[in-house]
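Let me begin by presenting the structure, written as structure tokens, before commenting on it.
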Amino acid sequence: MTSGVSEGRAKRVDAAERRDRVVDAAMRHFAEHGYRGGRVEDIAADVGVAKGTVFLDFGSKEGLFLAAYQRAVSMLPAWLDAPEDVTAEGFWATLDWWLEHTEDFVDRDPVPNRIAVIGRYDAGMGVRRPIDRFMRSEDPYGTLEFVEFGVRSGEVRDDVDPEMLASTLDWVAERFQDALVSADLDPGLIHRRPERREMRIKEFVEILRHGIQSAPDEA
């Protein structure tokens with residue numbers, strides 16, 4: 001009996017390690033080829049397992065990409081992971097710091113950042129729905145905590161549901177950061193006139209301020 005239990009535990013460990021290796025390989029392949037260009041058979045061959053084993057573990061290509069996406073965004077920093085001296089200056093200083101350093105962090109860790117972008121733009125609706133559910137339930141960037149931090153400091157309005165503000169911030173900030181790092185995703189605001197980058201960041205923050213900053217008599 002003990003031997004059987006040990007054998008079963010070893011198989012579970014082996015299966016978990018195999019899944020980890022498959023997800024690591026999937027992140028590399030999807031980052032290089034995109035969601036549509038990433039092939040399950042190539043990922044399986046990279047790991048040294050059968051294509052059917054990948055489908056057994058993840059159910060489908062969509063399930064495999066979702067696992068890769070979840071790992072990728074969980075590897076990325078949260079808003080309040082900014083340096084302590086920056087967060088000590090408050091919500092708006094922290095937001096501005098992240099925007100100013102967007103390109104640096106993408107260059108430093110390109111694979112998970114690329115997977116996050118692919119999840120937003122290259123994956124079909126069959127993948128987008130579980131991605132959206134994951135982002136709402138897990139909040140990997142800590143956006144709700146960041147917004148509540150701003151509310152507590154008196155910098156963010158408290159008359160709107162913080163979850164609404166967090167969703168808005170996630171949506172608009174992600175797309176502005178995408179525009180900063182990719183000319184393909186830039187609607188013409190930044191890369192056409194790169195000398196205006198700093199001004200565009202200030203303008204973006206100012207637009208957000210007008211929408212979610214607390215009223216002057218509340219600050």
Side-chain angles (χ1 to χ4, degrees), residues 9-82 98-99 101-147 163 166-167 169-171 173-178 180-182 184-185:
R9 184 179 298 114
K11 287 182 178 179
R12 289 194 296 273
V13 170
D14 288 344
E17 290 178 347
R18 182 185 68 236
R19 285 175 57 91
D20 282 343
R21 290 188 290 114
V22 171
V23 172
D24 284 342
M27 286 179 61
R28 296 193 301 272
H29 280 262
F30 286 129
E32 181 176 356
H33 302 290
Y35 173 72
R36 292 171 177 80
R39 290 157 40 101
V40 175
E41 51 264 45
D42 295 336
I43 295 167
D46 192 355
V47 179
V49 300
K51 177 181 176 181
T53 301
V54 176
F55 283 121
L56 182 65
D57 284 340
F58 298 95
S60 63
K61 179 179 178 179
E62 290 87 349
L64 176 58
F65 181 80
L66 178 61
Y69 180 89
Q70 290 172 339
R71 178 171 297 180
V73 297
S74 298
M75 294 168 62
L76 298 176
W79 290 103
L80 289 174
D81 288 337
W98 278 115
L99 296 178
H101 290 81
T102 295
E103 291 98 324
D104 295 338
F105 277 92
V106 171
D107 290 343
R108 188 180 306 171
D109 213 356
V111 170
N113 278 286
R114 177 66 178 160
I115 293 295
V117 170
I118 289 169
R120 289 193 286 275
Y121 298 99
D122 189 38
M125 289 300 295
V127 185
R128 280 298 321 170
R129 283 189 289 269
I131 283 177
D132 289 342
R133 286 196 297 270
F134 170 77
M135 296 301 289
R136 286 195 303 270
S137 64
E138 301 301 321
D139 191 16
Y141 305 141
T143 312
L144 180 59
E145 182 183 5
F146 183 45
V147 167
E163 291 189 2
S167 294
L169 178 60
D170 261 340
W171 194 84
E174 277 183 348
R175 279 148 187 81
F176 185 75
Q177 289 178 300
D178 292 341
L180 285 173
V181 299
S182 173
D184 292 336
L185 301 175

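Hydrogens, waters and symmetry mates play no part in the numbers below; they use all other heavy atoms, side chains included.
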All side-chain hydrogen bond (donor to acceptor under 3.5 Å, both in side chains) counterparts of [X], not counting sequence neighbours:
X    : result
E145 : none
S182 : none
N113 : none
R28  : D46

Over all atoms of both residues, closest heavy-atom pair of [X] and [Y]:
X    : Y    : result
I43  : A25  : CG2-CB, 4.0 Å
G142 : A78  : N-CB, 4.2 Å
L76  : A116 : CD1-CB, 4.2 Å
A72  : P112 : O-CB, 3.5 Å
L99  : L180 : O-CD1, 3.7 Å
I115 : A31  : CD1-N, 3.5 Å

For the [atom1] atom of [X] and the [atom2] atom of [Y], what is their distance to the nearest 0.5 Å?
X    : Y    : atom1 : atom2 : result
I131 : F65  : CD1   : CZ    : 5.0 Å
L64  : K61  : CG    : NZ    : 9.0 Å
L185 : R120 : CG    : CZ    : 8.5 Å
L80  : T143 : CG    : OG1   : 9.5 Å

Those residues that, when tested against [X], pass ring-ring contact (aromatic ring centres under 6.0 Å, His included) (two or more places apart):
X    : answer
F176 : F204
F105 : W97, W98
Y141 : none

Quiz item: Should R136 and D132 be marked as a salt bridge (charged side-chain N to carboxylate O under 4.0 Å, His left out) after you check the CA-CA gap, both sets of side-chain angles, and the distance that decides it?
Solution: CA-CA 6 Å; R136 286 195 303 270; D132 289 342; 5.1 Å; no

Quiz prompt | side chain to side chain contact (heavy atoms under 4.5 Å, CB included) assessment of V147 paired with W79 | solution = CA-CA 10 Å; V147 167; W79 290 103; over 6 Å; no

Self-check item: E103 atom CD: more than 12 heavy-atom contacts under 6.0 Å
Solution: yes

Quiz prompt | All pairs passing side chain to side chain donor-acceptor pair (under 3.5 Å) where residues 66-76 contributes a residue, at least two apart | solution = D20-R71, D24-R71

Quiz prompt | Within residues 32-43 or reaching into it, pairs that qualify as side chain to side chain donor-acceptor pair (under 3.5 Å) - sequence neighbours excluded | solution = R36-D122, R39-E41, R39-D42

Review item, side-chain donor-acceptor pairs of residues 51-59, under 3.5 Å, at least two apart:
residue : atom : partner : partner atom : Å
D57     : OD1  : R18     : NH2          : 2.9
D57     : OD2  : R18     : NE           : 2.9
D57     : OD2  : R18     : NH2          : 3.0

Quiz item: Just by modelled atom types, is the L144 backbone N or O under 3.5 Å from a matching donor or acceptor in the D139 side chain?
Solution: yes

Exercise. Not counting sequence neighbours, which residues clear side-chain contact (heavy atoms from CB on, under 4.5 Å) with P110? List them please.
Key: none

Quiz item: Within a strict 4.5 Å, meaning less than it, do heavy atoms of the F30 and V111 side chains meet?
Solution: no

Quiz prompt | Those residues that, when tested against D109, pass salt bridge (Lys or Arg N to Asp or Glu O under 4.0 Å) (two or more places apart) | solution = none

